[in-house]
Enquirer: 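Dropping the structure in here first, questions after.
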Amino acid sequence: MDGIVQMQRQLIDYTDSLIREGFLDDQFNQLQLLQDESNPDFVVEVVNLFFEDAERLLNELTKALSQASIDFKRLDAHVHQLKGSSSSIGAHRVHRVCISFRNSCEELNVEGCLKNLQQVKHEYSLVKSKLETLFRMEQQILAAGGSVSR
């Protein structure tokens with residue numbers, strides 16, 4: 001039982017560190033509150049949908065920025081979608097880069113867009129890895145017979 005309590009403390013500390021370091025914001029806590037016994041995989045399902053959507057959008061952004069003639073309106077529409085979906089799960093740092101990315105689109109700034117694309121890919125990769133670790137920690141607690149409080 002002590003092992004489960006220790007794992008639960010580690011999970012709480014890890015989640016707190018993700019918020020403290022700006023990877024996640026309070027929206028992630030709100031998302032967790034929507035999960036209950038009737039839908040125990042709610043957060044994982046919503047976050048996995050975000051991963052799928054974000055990867056599709058990042059591919060679209062990469063393609064759009066590799067064109068000889070860049071359609072900034074279309075580019076901005078993709079960034080806007082990514083900004084919204086990252087905000088909905090509380091991926092704060094991804095959301096913040098999207099704001100800068102949209103500004104570069106409005107300014108028709110190709111270099112700014114390319115820089116923001118690299119930054120948003122980096123932040124997405126980090127938050128994806130951090131969330132996958134968090135979900136693994138939750139699964140280990142559940143597999144050991146413990147519970148994960150929200």
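In what follows, residues are counted from 1 in the order of the sequence shown.
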Enquirer: I'd like to know if the side chain of Ser129 and the backbone of Ser125 have a donor-acceptor N/O pair within less than 3.5 Å.
Expert: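 Flag not set: sc Ser129 to bb Ser125 has no pair under 3.5 Å.
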
Enquirer: Looking at side-chain heavy atoms only, is the closest gap between Gln8 and Ile4 below 4.5 Å?
Expert: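 The answer is yes, as the side chains (C-beta and beyond) meet within the 4.5 Å cut-off.
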
Enquirer: What is the minimum heavy-atom distance between Val79 and Cys98, and which atoms define it?
Expert: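 Looking at all heavy atoms of both residues, the shortest contact is CG1-O, 3.5 Å.
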
Enquirer: How long is the span from the CG atom in Leu18 to the NZ atom in Lys130, to the nearest 0.5 Å?
Expert: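 If we round to the nearest 0.5 Å, Leu18:CG and Lys130:NZ are 6.5 Å apart.
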
Enquirer: Run the side-chain hydrogen bond (donor to acceptor under 3.5 Å, both in side chains) test against Asn39 and tell me which residues pass, sequence neighbours left out.
Expert: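 By the side-chain hydrogen bond (donor to acceptor under 3.5 Å, both in side chains) rule, Asn39 matches no residue at all.
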
Enquirer: So Phe51 and Tyr124, would you call those rings parallel, tilted or perpendicular, with 30° and 60° as cut-offs?
Expert: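 Rings of Phe51 and Tyr124: perpendicular, as their planes differ by over 60°.
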
Enquirer: Do the side chains of Leu34 and Val46 get nearer than 4.5 Å, heavy atoms only?
Expert: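 No, side chains not in contact.
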
Enquirer: Rounded to the nearest 0.5 Å, how far does CG of Leu75 lie from NZ of Lys63?
Expert: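 Lys63 NZ to Leu75 CG: 13.0 Å, rounded to 0.5 Å.
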
Enquirer: Return the set of residues passing side chain to side chain contact (heavy atoms under 4.5 Å, CB included) with Glu52 (not counting sequence neighbours), or none when no residue passes.
Expert: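 Per chain and number, Glu52 pairs via side chain to side chain contact (heavy atoms under 4.5 Å, CB included) with Leu49.
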
Enquirer: Residues in salt bridge (Lys or Arg N to Asp or Glu O under 4.0 Å) with Glu55, at least two apart?
Expert: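 If we apply the salt bridge (Lys or Arg N to Asp or Glu O under 4.0 Å) test to Glu55, skipping adjacent residues, the hits are Lys128.
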
Enquirer: Please find the pair of heavy atoms, one from Phe50 and one from Ala91, that lie closest to each other, and give the distance.
Expert: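 Closest approach of Phe50 to Ala91: CZ-CB, 4.3 Å.
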
Enquirer: Listed by chain and number, what are the salt bridge (Lys or Arg N to Asp or Glu O under 4.0 Å) partners of Asp16, not counting sequence neighbours?
Expert: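 Salt bridge (Lys or Arg N to Asp or Glu O under 4.0 Å) check on Asp16 returns nothing, list empty.
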
Enquirer: Would you name the heavy atoms of Ala64 and Ile70 that are closest together and state the gap between them?
Expert: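 In terms of heavy atoms, the two residues are closest at O-CG1, 3.8 Å.
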
Enquirer: Please report the shortest heavy-atom distance between Phe72 and Cys113, naming the atom on each side.
Expert: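 Residues Phe72 and Cys113, closest heavy atoms: CE2-SG, 4.0 Å.
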
Enquirer: Tell me whether Glu21 is salt-bridged to Arg93, with the criterion being a basic N under 4.0 Å from an acidic carboxylate O.
Expert: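 No, no charged N to carboxylate O under 4.0 Å.
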
Enquirer: Might you point out which heavy atoms bring Val127 and Val94 nearest each other, and give the distance in Å?
Expert: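 Minimum heavy-atom contact is CG1-CG2, 4.0 Å.
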
Enquirer: Just jot down the side chain to side chain contact (heavy atoms under 4.5 Å, CB included) partners of Glu111, sequence neighbours excluded, or say none.
Expert: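 Expected list: Asn109, Leu114.
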
Enquirer: Are Arg74 and Gln67 side-chain neighbours, meaning at least one heavy-atom pair lies under 4.5 Å?
Expert: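 The answer is no, as the side chains (C-beta and beyond) never meet within the 4.5 Å cut-off.
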
Enquirer: Could I get the full list of side chain to side chain contact (heavy atoms under 4.5 Å, CB included) partners for Gln119, not counting sequence neighbours?
Expert: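 Here the qualifying residues are Val97, His122, Glu123.
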
Enquirer: Restricting to side-chain hydrogen bond (donor to acceptor under 3.5 Å, both in side chains), what partner residues turn up for Ser100, sequence neighbours left out?
Expert: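 If we apply the side-chain hydrogen bond (donor to acceptor under 3.5 Å, both in side chains) test to Ser100, skipping adjacent residues, the hits are Asn116.
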
Enquirer: Between CD of Gln10 and OG of Ser17, what distance do you get to the nearest 0.5 Å?
Expert: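 The distance works out to 11.5 Å.
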
Enquirer: Only counting residues at least two apart or in another chain, list the ones meeting side-chain hydrogen bond (donor to acceptor under 3.5 Å, both in side chains) with Asp76.
Expert: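 side-chain hydrogen bond (donor to acceptor under 3.5 Å, both in side chains) check on Asp76 returns Arg102.
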
Enquirer: Is there a side-chain contact between Val43 and Phe28 in this structure, where contact means two heavy atoms from C-beta onward sitting under 4.5 Å apart?
Expert: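 Yes. Closest side-chain heavy atoms under 4.5 Å.
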
Enquirer: Under the 3.5 angstrom rule, does the side chain of Thr62 hit a backbone N or O of Leu58 as a donor-acceptor pair?
Expert: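 It does hold such a pair.
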
Enquirer: What pairs with Gln30 under side-chain hydrogen bond (donor to acceptor under 3.5 Å, both in side chains), at least two apart in sequence or on another chain?
Expert: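 For Gln30, the residues satisfying side-chain hydrogen bond (donor to acceptor under 3.5 Å, both in side chains) (neighbours in sequence not counted) are Asp26.
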
Enquirer: Please report, to 0.1 Å, the donor-acceptor pairs under 3.5 Å made by any side chain of residues 139-147, with sequence neighbours excluded.
Expert:
none

Enquirer: Quick one, Leu61 and Phe101 - any side-chain contact, counting heavy atoms below 4.5 Å?
Expert: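 Side-chain contact under 4.5 Å: yes.
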
Enquirer: Considering residues at least two apart in sequence or located in another chain, which fulfil the side chain to side chain contact (heavy atoms under 4.5 Å, CB included) criterion with Thr133?
Expert: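 Side chain to side chain contact (heavy atoms under 4.5 Å, CB included) check on Thr133 returns Tyr14, Arg136, Met137.
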
Enquirer: Looking at residues at least two apart in the chain, or sitting in another chain, which of them share a salt bridge (Lys or Arg N to Asp or Glu O under 4.0 Å) with Lys115?
Expert: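 Salt bridge (Lys or Arg N to Asp or Glu O under 4.0 Å) check on Lys115 returns nothing, list empty.
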
Enquirer: To the nearest 0.5 Å, what is the distance between CG (Leu33) and CZ (Phe42)?
Expert: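 The CG atom of Leu33 sits 11.0 Å away from the CZ atom of Phe42.
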
Enquirer: Grab the two heavy atoms, one from His92 and one from Leu24, that are nearest each other, plus how far apart they are.
Expert: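 Nearest pair, atom of His92 first, then Leu24: CB-C, 4.1 Å.
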
